[in-house]
A.B. asks: 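Mind looking over this structure? Questions follow.
All residue numbers refer to positions in the sequence shown, counting from 1.
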Amino acid sequence: MSDAMPEKLFFLGVDGGGTGCRARIEDGFGAVLGQGLSGPATTRLGVDAAWASVASAFTSAIAEAGFTERETARMHAGIGLAGIGRKGALEALRAIPHPFASIAFTSDGVAACLGAHSGADGAIVIAGTGSIGLGFAGARDLRVGGYGFPISDEGSGADLGLKAVQLALRAFDGRHEQSALLGEVMQRFQNDPVEVVAWMDRATATDYAVLAPMVMRHADQGDMVGRRLVQGAAEQIDSIVRALIEKGAPRVTLLGGLSTPLEPWLAPDIRRRLKPADGDAVSGAIILARKSC
């Protein structure tokens with residue numbers, strides 16, 4: 001990279017996740033020149049579909065920036081993509097032609113971690129539909145959990161939803177105390193376990209995670225079953241944070257859709273160790289682009 005003409009360099013960051021894709025273009029000074037949005041961009045949909053969503057987002061950003069092919073060819077791209085660890089995905093992505101000066105790929109989680117700590121050592125714990133802890137400490141990559149629902153992703157929205165359904169069925173049988181939460185879960189299935197089984201046969205992690213806000217609401221309203229479920233989820237997140245710290249993470253940031261509602265339930269020592277994110281996953285992808293040029 002030339003320090004003499006930073007204004008002539010442009011950087012594209014893309015955060016491709018399971019629910020949507022965001023792209024942002026910055027100049028050498030960090031000024032935002034263009035942004036774009038598109039639909040889901042995860043390799044679980046197939047590499048071609050993921051790349052189509054990425055391309056749609058960055059094409060919109062390029063158009064907003066008013067770039068021609070000349071400026072685009074001077075742009076260095078960083079792409080954070082969900083599911084990039086799937087077998088063959090990275091190789092397939094690298095084989096796709098692109099119009100940029102350079103392109104670098106990483107997972108959406110690593111991009112989020114880079115953004116959260118401005119590229120410095122640190123870790124993140126994502127508590128959303130799933131859960132995972134990852135980060136960097138020196139030359140070491142850190143990872144805790146995140147092996148996929150239902151065998152992992154403890155403390156996640158999907159995990160909370162699963163446990164709520166399990167207890168609702170037990171309460172229906174008379175094997176567990178009833179509560180307002182468990183009653184509302186069963187009402188979603190017309191109070192019929194057969195309906196629960198039919199739903200289970202096609203339910204995804206996202207479907208289970210849809211129940212998490214209900215669990216949080218009842219917990220906040222004092223439902224004892226809900227409180228125990230949420231406290232259990234918080235303890236799982238506590239354990240992920242502690243494991244990352246023990247592995248050498250100097251700082252940890254909590255991210256994801258459940259991060260805000262779950263934070264008050266975390267152990268006091270864990271809450272004291274958390275720091276706010278410096279930037280988002282798009283910022284992390286731009287850091288990757290800057291490092292790769």
Side-chain angles (χ1 to χ4, degrees), residues 17-21 39-46 49-50 53 82-83 86 108-109 125-133 144-240 254-266:
T19 57
C21 184
T42 168
T43 63
R44 292 178 179 85
L45 301 175
S53 185
R86 296 172 75 88
D108 57 338
V125 174
I126 300 174
T129 297
S131 68
I132 189 172
V144 179
Y147 302 112
F149 177 83
I151 62 170
S152 182
D153 290 19
E154 299 86 356
S156 69
D159 192 45
L160 262 182
L162 172 61
K163 287 180 167 54
V165 172
Q166 289 174 331
L167 292 183
L169 287 170
R170 292 177 200 169
F172 183 88
D173 287 346
R175 296 182 288 145
H176 190 278
E177 65 183 292
Q178 271 290 0
S179 80
L181 166 63
L182 302 184
E184 186 172 342
V185 171
M186 288 304 298
Q187 286 171 17
R188 288 204 169 200
F189 301 101
Q190 295 78 53
N191 289 303
D192 186 353
V194 174
E195 291 293 327
V196 181
V197 173
W199 174 82
M200 175 194 69
D201 285 340
R202 61 181 184 277
T204 64
T206 301
D207 294 323
Y208 281 98
V210 167
L211 301 174
M214 180 200 305
V215 179
M216 297 298 310
R217 171 167 51 83
H218 280 281
D220 289 337
Q221 292 172 351
D223 184 284
M224 292 309 298
V225 175
R227 290 183 65 85
R228 285 197 294 269
L229 287 176
V230 173
Q231 189 58 59
E235 289 169 0
Q236 293 295 333
I237 299 302
D238 287 343
S239 71
I240 296 174
L254 184 62
L255 302 173
L258 274 182
S259 60
T260 298
L262 263 186
E263 186 168 346
W265 296 80
L266 301 178

A.B. asks: Could you report the tightest heavy-atom contact between A168 and V185, atom names first, then the distance?
C.D. replies: CB-CG1, 3.7 Å

A.B. asks: Considering all heavy atoms of both residues, which atom of A127 and which atom of L254 are nearest to each other, and what is their separation?
C.D. replies: CB-CD1, 4.4 Å

A.B. asks: Of the non-hydrogen atoms in L182 and A171, which two are nearest, and what is the gap between them?
C.D. replies: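 Nearest heavy atoms, L182 then A171: CD1-CB, 3.8 Å.
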
A.B. asks: Donor-acceptor pair, T42 side chain versus G18 backbone, under 3.5 Å?
C.D. replies: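 The answer is no, because no donor-acceptor pair under 3.5 Å joins these two groups.
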
A.B. asks: Not counting sequence neighbours, which residues clear ring pair (Phe, Tyr, Trp, His ring centres under 6.0 Å) with F189? List them please.
C.D. replies: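 W199.
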
A.B. asks: Is there a donor-acceptor pair closer than 3.5 Å between any side-chain N or O of S53 and the backbone N or O of G39?
C.D. replies: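 Present.
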
A.B. asks: Nearest 0.5 Å, please: how far is CZ in R227 from CE in M216?
C.D. replies: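 Those atoms lie 10.0 Å apart.
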
A.B. asks: Do the side chains of V194 and V197 get nearer than 4.5 Å, heavy atoms only?
C.D. replies: no

A.B. asks: Quick check: do M186 and L169 have side-chain heavy atoms less than 4.5 Å from each other?
C.D. replies: yes

A.B. asks: Is there a side-chain contact between E184 and D223 (heavy atoms, below 4.5 Å)?
C.D. replies: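 Not touching, per the 4.5 Å side-chain cut-off.
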
A.B. asks: Among I126, I240, V125, which residue satisfies the side chain to side chain contact (heavy atoms under 4.5 Å, CB included) criterion with S131?
C.D. replies: I240

A.B. asks: Not counting sequence neighbours, which residues clear side-chain contact (heavy atoms from CB on, under 4.5 Å) with R170? List them please.
C.D. replies: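 Result, side-chain contact (heavy atoms from CB on, under 4.5 Å) vs R170: Q166, L167, R175, H176.
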
A.B. asks: On a heavy-atom basis, which atom in M200 and which in Y208 lie closest, and how many Å separate them?
C.D. replies: CG-OH, 3.6 Å

A.B. asks: Determine whether a donor-acceptor pair (N or O, by modelled atom type, separation under 3.5 Å) exists between the side chain of D108 and the backbone of G17.
C.D. replies: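 The answer is no, because no donor-acceptor pair under 3.5 Å joins these two groups.
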
A.B. asks: For T129 and G157, indicate whether the former's side chain and the latter's backbone hold a donor-acceptor pair under 3.5 Å.
C.D. replies: no

A.B. asks: Return the minimal non-hydrogen interatomic distance between L229 and L160, and the atom names on each side.
C.D. replies: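 Closest approach of L229 to L160, heavy atoms only: O-CD2, 3.6 Å.
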
A.B. asks: Within this structure, what is the CE-CZ distance for the pair M214 and R188, rounded to the nearest 0.5 Å?
C.D. replies: 3.5 Å

A.B. asks: Is F149 close to T206 at the side-chain level, that is, under 4.5 Å between some pair of heavy atoms?
C.D. replies: no

A.B. asks: So which atom in L258 and which in G155 form the shortest heavy-atom distance, rounded to 0.1 Å?
C.D. replies: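 Closest approach of L258 to G155: CD1-O, 4.0 Å.
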
A.B. asks: In Å and rounded to the nearest 0.5 Å, what is the CD1 to OG distance from I237 to S156?
C.D. replies: 7.5 Å

A.B. asks: If you measure from CD on Q231 to CE on M224, what distance do you get to the nearest 0.5 Å?
C.D. replies: 10.5 Å

A.B. asks: Determine whether a donor-acceptor pair (N or O, by modelled atom type, separation under 3.5 Å) exists between the side chain of D238 and the backbone of L266.
C.D. replies: no

A.B. asks: Once side-chain contact (heavy atoms from CB on, under 4.5 Å) is applied, do any residues pair with A198, and if so which ones, sequence neighbours excluded?
C.D. replies: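 Result, side-chain contact (heavy atoms from CB on, under 4.5 Å) vs A198: R202.
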
